[in-house]
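Below, all heavy atoms of this structure are taken into account, side chains as well, without hydrogens, waters or symmetry copies. When a ligand or atom number is given, it counts from 1 through the structure's own listing order.
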Amino acid sequence: MEVIRIPRIMREISKELRFKGKSIGFIPTMGALHEGHLSLIRRAKEENDIVIVSIFVNPTQFAQGEDYEKYPRDVELDKEKLEALAIDYLFLPDVNSLYPEGYSTYVVVEGLSDKLCGIFRPGHFRGVATIVCKLFNIVKPLRAYFGQKDYQQSLIIRRMVEDLNFDIEIIVCPTVREQDGLAMSSRNLYLNEKERQSATVIYKALKEGERLLNKGEKPLDVKLKMHEILKNEPLIREIQYAGVYDPLTLEEVKERQNKYLLAVALKIGDTRLIDNLIVE
Ligand code: AMP
């Protein structure tokens, strides 16, 4: 595995690889790698000649007062995990190389960015779309891999790729969970033992929502039931959203339809957690 820190050099390597006809699979991450990330990397390895992973804690996607400073960073451990998977390149840029003095261009995917997480994290998806756009231009992948865990993000990236005519296939991989159902996340590291235990209620609420939808219950009743389950967990400080949404528009769904997105965002202590399920 080669570690590349300078965007210009990464771009030159990728250009040459593409010129030689190699397919590049790309996985953008913010590090603190766990099995969720590694599952995307394994999939990319199966489907491409070359695999490039980026680790970059992107400041522009953190809203004021969020956890940018304390976001978990352990590059040495991450490198070991990536070495073990024998990826080809780790792209590890620093903030100044991607956002130098005078930086002023941003990508906004309108509409979708203002729903769900967008309501509680102003500017978040503008930061995400901008950094992914930049990384796509540097790494020039044929395929890029994202997790369903961040469903709204994957939808926004797909929209951006279509709207801006990127020639990149977006592949969304299933959410990897702990044994008790909690979706793996770098932010789970923030949870103390009691909080970690209480976080299992998220998956329970989603699974109950799924069961009720499959039984034919109305989306609005399903939402109420999910809230009831979550409210019974004393360590949950704030439920930001929980309910049944349209998987394409992210609008709340009130009547029965063919496919639903069940999604939850909440805070346990200071830790914000999200999860979702698609129900057909
Ligand atoms: P992050 O480092 O949190 O920005 O995540 C990098 C990529 O890994 C994103 O595409 C995430 O959706 C994906 N990811 C994070 N957690 C999981 C998980 N538990 N299962 C599958 N993919 C995940």
Side-chain angles (χ1 to χ4, degrees), residues 25-47 51-63 66-68 70-75 77-79 81-82 85 87 90-93 95 98 109 112 116-117 121 124-136 139 141 143-161 168-191 196 199-200 202-203 206 247 261 263-265 271-278:
F26 175 49
I27 306 96
T29 82
M30 299 206 299
L33 300 178
H34 51 66
E35 268 305 311
H37 299 113
L38 304 187
S39 72
L40 309 186
I41 297 170
R42 288 193 195 99
R43 171 88 183 263
K45 282 203 67 164
E46 282 168 20
E47 297 178 347
V51 170
I52 304 180
V53 174
S54 66
I55 297 180
F56 180 65
V57 185
N58 174 38
T60 63
Q61 72 187 67
F62 288 79
E66 286 188 350
D67 55 345
Y68 173 68
K70 72 162 194 171
Y71 194 84
R73 291 165 173 89
D74 191 342
V75 174
L77 187 60
D78 287 347
K79 274 189 195 161
K81 292 177 183 172
L82 295 172
L85 288 182
I87 66 155
L90 166 60
F91 181 44
L92 196 61
V95 174
L98 287 181
V109 177
L112 289 175
L116 300 179
C117 289
R121 304 190 69 188
H124 170 65
F125 289 114
R126 168 186 187 257
V128 169
T130 301
I131 192 63
V132 172
C133 182
K134 285 167 67 66
L135 291 169
F136 281 179
V139 175
R143 303 186 182 93
Y145 297 81
F146 293 85
Q148 194 198 309
K149 157 85 184 355
D150 299 276
Y151 180 85
Q152 183 173 13
Q153 168 174 285
S154 68
L155 206 61
I156 286 170
I157 300 300
R158 276 191 195 286
R159 184 80 253 164
M160 178 187 83
V161 161
I168 298 175
E169 188 186 347
I170 301 301
I171 294 154
V172 180
C173 304
T175 302
V176 178
R177 301 178 178 283
E178 304 284 357
Q179 286 218 323
D180 59 11
L182 179 66
M184 290 197 182
S185 162
S186 306
R187 290 192 168 94
N188 293 350
L189 292 169
Y190 297 147
L191 301 171
R196 169 66 187 78
T200 57
I202 301 171
Y203 189 59
L206 288 170
L261 167 71
V264 172
T271 307
R272 185 174 185 277
L273 299 174
I274 59 170
D275 198 358
N276 69 83
L277 283 180
I278 296 284

Side-chain heavy-atom pair Phe56, Pro28 within 4.5 angstrom cut-off: no

The complete set of salt bridge (charged side-chain N to carboxylate O under 4.0 Å, His left out) pairs with one or both residues in residues 143-156, sequence neighbours excluded, reads Arg143-Glu169

Sorted by chain and number, sequence neighbours left out, ring pair (Phe, Tyr, Trp, His ring centres under 6.0 Å) with Phe136 holds for Phe166

- request: Please determine if Arg272 forms a cation-pi arrangement with Phe62, meaning its NZ or CZ atom is less than 6.0 Å from the six-membered ring centre and no more than 45° off the ring axis.
  value: no

Contacts satisfying salt bridge (charged side-chain N to carboxylate O under 4.0 Å, His left out) that involve residues 26-39 (not counting sequence neighbours) are Glu35-Arg42

If you measure only the distance, is there a donor-acceptor pair under 3.5 Å linking the side chains of Glu47 and Tyr145? yes

Sorted by chain and residue number, the residues with a non-hydrogen atom under 4.0 Å of ligand 1 are Pro28, Thr29, Met30, His34, Gly36, His37, Leu40, Tyr71, Phe146, Gly147, Lys149, Asp150, Gln153, Pro174, Thr175, Val176, Met184

